[in-house]
Amino acid sequence: MFALADCNNFYASCERVFNPSLEKKAVVVLSNNDGCVIARSNEAKALNIAMGVPVYQIKDIVKKHQVAVFSTNFTLYGDMSNRVMNTLAEFVPDMEIYSIDEAFLSLDGFEHYNLEAYAEKITKTVRKNTGIPLSLGIAPTKTLAKAANKTAKKSGKFYCILNDEESITNALKKLDIEDVWGIGRRYAAFLRKHNILTAYDFTCQPESWIRKHMTVMGQRLLKELKGIPCYTLENDIPAKKNICTARSFGKMIGDVEQLQEAVASFAARCAEKLRRQKSCAAAIMVFLHTNFHRKDLPQYARSIVVPLPHATNYTPELIKYAIYGLTKIFKEGYAYKKAGVIMVEIIPSNSVQGNLFYPVADEKTKAVMDVVDDLNAKYGRDKVRILAQGYSKAWKMHQEKLSPCYSTRLSDIPHVY
DNA sequence: TCTGGGGTCCTAGGACCC
DNA sequence: TCTGGGGTCCTAGGACCC
């Protein structure tokens, strides 16, 4: 049996933990640049604020109902996530952290437990230890555990257990096809066209038909919904095959030097991510584009892959090639809205192939990066940086409604009177 | 005025190898 | 008339996840 633990309205709930005046109030959290709504409390959902809606389109609702609006505070959410995961880890022998607010728990060996009581104990303990409300879905496969979790949330309960044919069938009959894990917008529309409206309808289809139209992924989905596991718990996090840092700018940028500073900063951030997973990249991709939403302005979008002489995670070298790529694709006369850097062809740093005609980074460069990473970990991001990253940050994001880092910064710790 | 960021997997088709 | 069998690698495109 698997349990899927999923924090309810996670980002909105994080904002509430240290700000109890937000209890029972509508709370929304915005994407980077304060652009779109990416998290909503139940009260905000009840006001029909849709997921992903640009915030300027709902400003009347926000004003009328005094919705509390926050910029994303990933420092806070990341720390709260760790607290939740640490608490969950105390209850089971094995778990897979699936996302910032979700984990699959293995319930092997718990067959003779009273699962209801145990589920209740888990959710109550997480709430007590962290302040975060959590739902548990328990079932024989990961996909069914996901479905059970949805069912729990819909019923207003903190857990739902699907462990026999009757409970599974009943739940799947009430589960809309687009709410099934693995069914996105495209497949949902396709299936609806064929009058497959619920998860249960899906399980009634012939396997060959599903395989034909939805590839092997659909076939696995079908088996999982029928209680035959196709996915197991994945414990060790595999190294990333691509590493991307990209941002929409707070304002549009036409100046190549400002773009260079942005791209240098993205490359530096990617280099840090590479070093953290002990990898090197053998090529980097740089892209930029104008604001697609501004039909009144000339549009331009391009990307380029720059192969490196040898794989590296040395920040100055990655910045050099990133800027080289940028100058290749930059065109004068456009107002740019977004740029990004992606590390591709990633390999483990202990298996870098040398280049006969180009000196490979030596031990010294590795030592320098270790020191820089240590200093920045201790004293704050970019405390030591490459000059090319600049100081102006003309491209910086809007973050007007940022909450304090209550749990990670001494000066932000709440006061109690 | 204003519209996010960061990933994965699968398939088909083309080019190539012996 | 009739034209093999068994592979790999790469890319683009399409789908999905949080």
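Chain A is the first sequence line, chain B the second, and so forth, proteins listed ahead of strands; every chain is numbered from 1. Bear in mind the structure is a predicted one, so any value in this text is a computation, not a measurement.
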*For Q277(A) and dG6(B), what is the distance between atoms CD and C1' respectively, to the nearest whole Å?*
13 Å
_E224(A) (side chain) donor-acceptor with T143(A) (main chain) under 3.5 angstrom_ = yes
_M252(A) side-chain proximity, nearest of dC2(B), dT3(B), dG5(B)_ = dC2(B)
*To the nearest 0.5 Å, how far apart are CG in L172(A) and NZ in K226(A)?*
11.5 Å
*Are R247(A) and N32(A) close enough, and set up right, to give a side-chain contact (heavy atoms from CB on, under 4.5 Å), and what steps lead you there?*
CA-CA 8 Å; R247(A) 291 288 178 279; N32(A) 277 343; 4.2 Å; yes
*Roughly how far, to the nearest 0.5 Å, is the CG atom of L136(A) from the CG atom of N149(A)?*
7.5 Å
_Can you build the contact string for nucleotides 9-18 of chain C? Use B for base contact, S for sugar-phosphate-only contact, and - for no protein heavy atom under 4.0 Å._
------SSSS
*K251(A) near the nucleic acid: base, sugar-phosphate alone, or nothing, with a heavy-atom cut-off under 4.0 Å?*
nothing
*D201(A) side chain to N195(A) side chain, donor-acceptor N/O pair below 3.5 angstrom*: no
*What distance, rounded to whole Å, do you find between the two C1' atoms, one in dC17(C) and one in dG4(B)?*
15 Å
*Can you see which heavy atom on E102(A) is nearest to which on K146(A), and at what distance?*
OE1-NZ, 2.6 Å
*How is N242(A) classified with respect to the nucleic acid when contacts are heavy atoms under 4.0 Å: base, sugar-phosphate, or nothing?*
sugar-phosphate
_Please report the interatomic distance CD1(I49(A)) to CD1(I58(A)), rounded to the nearest 0.5 Å._
4.0 Å
*CZ of F249(A) versus C1' of dG5(B): gap in Å, rounded?*
14 Å
*Nucleic acid contacts - residues 255-269 of chain A versus DNA chain B, non-hydrogen atoms under 4.0 Å*: none
*Just how far is it from atom CZ of R275(A) to atom OG1 of T312(A), taken to the nearest 0.5 Å?*
9.0 Å
*Just one of I243(A), N313(A), N242(A), L308(A) clears the side chain to side chain contact (heavy atoms under 4.5 Å, CB included) bar with M343(A), so which one?*
I243(A)
*Report the residue (C244(A) or Y56(A)) whose heavy-atom-nearest nucleotide on DNA chain B is the more 5′ of the two.*
Y56(A)
*asked:* Any base atoms under 4.0 Å from K59(A), or only sugar-phosphate, or nothing? Heavy atoms, all strands.
replied: nothing
_For the backbone of N82(A) and the side chain of N86(A), can you confirm whether one donor and one acceptor N or O come within less than 3.5 Å of each other?_
yes
*Parallel, tilted or perpendicular: which describes the rings of H194(A) and F190(A), with under 30° parallel and over 60° perpendicular?*
tilted
*Find the runs of at least 3 consecutive base pairs, i with j, i+1 with j-1 and so on, that include DNA chain C, using Watson-Crick or G-U wobble geometry with both distances under 3.5 Å.*
B:5-18 with C:5-18
_Minimum heavy-atom separation for E400(A) and S71(A), please, with both atom names._
N-OG, 3.4 Å
*asked:* Under 4.0 Å, heavy atom to any atom of DNA chain B: which of residues 200-215 of chain A qualify?
replied: R211(A), T215(A)
*Think T72(A) has a side-chain N or O under 4.0 angstrom from the OP1 or OP2 of dG4(B)?*
no
*Atom CE of M51(A) to atom P of dT3(B): distance rounded to whole Å?*
17 Å
*Roughly how many Å is it from CD1 in I58(A) to P in dT3(B), rounded to a whole number?*
14 Å
*May I ask you to say what T245(A) touches in the nucleic acid, namely base, sugar-phosphate or nothing, with a heavy-atom cut-off under 4.0 Å?*
sugar-phosphate
*What distance do Y98(A) atom OH and E234(A) atom CD have between them, rounded to the nearest 0.5 Å?*
9.5 Å
*Parallel, tilted or perpendicular: which describes the rings of H213(A) and W209(A), with under 30° parallel and over 60° perpendicular?*
tilted
_Sorted by number, the residues of residues 278-306 of chain A with heavy-atom contact under 4.0 Å to DNA chain B_ = N291(A), H293(A), R294(A)
*Which whole-number value in Å describes the distance from H398(A) NE2 to dT1(B) P?*
14 Å
_Measuring to OP1 and OP2 of dG5(B), would you say a side-chain N or O of K338(A) lies under 4.0 angstrom away?_
yes
*Between K401(A) (NZ) and dG4(B) (P), how many Å, whole number?*
17 Å
*With sequence neighbours excluded, tell me which residues meet ring-ring contact (aromatic ring centres under 6.0 Å, His included) with Y336(A).*
F330(A)
*Would you mind classifying the nucleic acid contact of I243(A) as base, sugar-phosphate or nothing, using non-hydrogen atoms under 4.0 angstrom?*
sugar-phosphate
*Look at the rings of W395(A) and F249(A) and say which category their plane angle falls in: under 30° parallel, 30 to 60° tilted, over 60° perpendicular.*
perpendicular
*Would you say Q299(A)'s side chain and R294(A)'s backbone share a donor-acceptor pair under 3.5 angstrom?*
yes
